[in-house]
Amino acid sequence: MPSNDARILLQAAVPTAAVGAIAAVVSGVVAGGKGAIGAIVATLVVILFMGIGLYVLQRTAKSLPHLFQAMGLMLYAAQILLLFIFVAAFKNTSLFNPKAFALTLVATTLVWIGAQARAQMKAKILYVEPDSSNGDKPEKTGHSS
């Protein structure tokens, strides 16, 4: 993963993990141990889903740049749908507190999206690939005299 991609991943994952830790403490106080477990599971799910999505999106940008925007829209829609399915599948679980899980899932997803948007805006990413330094000279256009 190139350094810009790793930096963006880190700048999105760290605030998400911090909010997840705060949510785990609050859920632990409000709903007990099962609330803390639900918040931790939700945080891990968001970091995993969104991290994989960011990786796939960056790979698409490099290999198929003409599909980048469409892939981004499709990817975010798929991530939100998968998170919704995940919440629906575990809404009646006894493994952890479903309310703490759902609230933490929403909060950490919003934090991830905001942190990723901020990281992308602050990143100094070239939108044109510089020429390689293998000695090729750029072609001249126009008439040669």
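In what follows, residues are counted from 1 in the order of the sequence shown.
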Distance-only donor-acceptor pairs under 3.5 Å for side chains of residues 22-31, two or more places apart:
{"residue": "Ser27", "atom": "OG", "partner": "Ala23", "partner atom": "O", "Å": "2.8"}

Are Tyr76 and Gln79 close enough that some pair of their side-chain heavy atoms sits under 4.5 Å apart?
yes
With a cut-off of 3.5 Å and sequence neighbours excluded, list every side-chain donor-acceptor pair involving residues 66-75.
none

Which residues end up grouped with Ile85 if you chain together Ile, Leu, Val, Met, Phe, Trp and Tyr wherever their side-chain heavy atoms are less than 4.5 Å apart?
Leu81
Between the side chain of Lys34 and the main-chain N/O of Ser94, is any donor-acceptor distance below 3.5 Å?
yes
Can you tell me which residue pairs pass the side chain to side chain donor-acceptor pair (under 3.5 Å) test with a partner in residues 8-23, sequence neighbours excluded?
none
Those residues at least two apart in sequence (or on a different chain) that pass side chain to side chain donor-acceptor pair (under 3.5 Å) with Arg118 are none
Show me the donor-acceptor pairs within less than 3.5 Å that the side chains of residues 101-113 make with the rest of the protein, sequence neighbours left out.
{"residue": "Thr104", "atom": "OG1", "partner": "Ala100", "partner atom": "O", "Å": "2.7"}
{"residue": "Thr108", "atom": "OG1", "partner": "Thr104", "partner atom": "O", "Å": "2.7"}
{"residue": "Thr108", "atom": "OG1", "partner": "Leu105", "partner atom": "O", "Å": "3.3"}
{"residue": "Thr109", "atom": "OG1", "partner": "Leu105", "partner atom": "O", "Å": "2.7"}
{"residue": "Trp112", "atom": "NE1", "partner": "Gln116", "partner atom": "OE1", "Å": "3.0"}

Which side-chain N or O atoms in residues 35-52 pair as donor and acceptor under 3.5 Å with protein atoms at least two apart or in another chain?
{"residue": "Thr43", "atom": "OG1", "partner": "Ala39", "partner atom": "O", "Å": "2.8"}

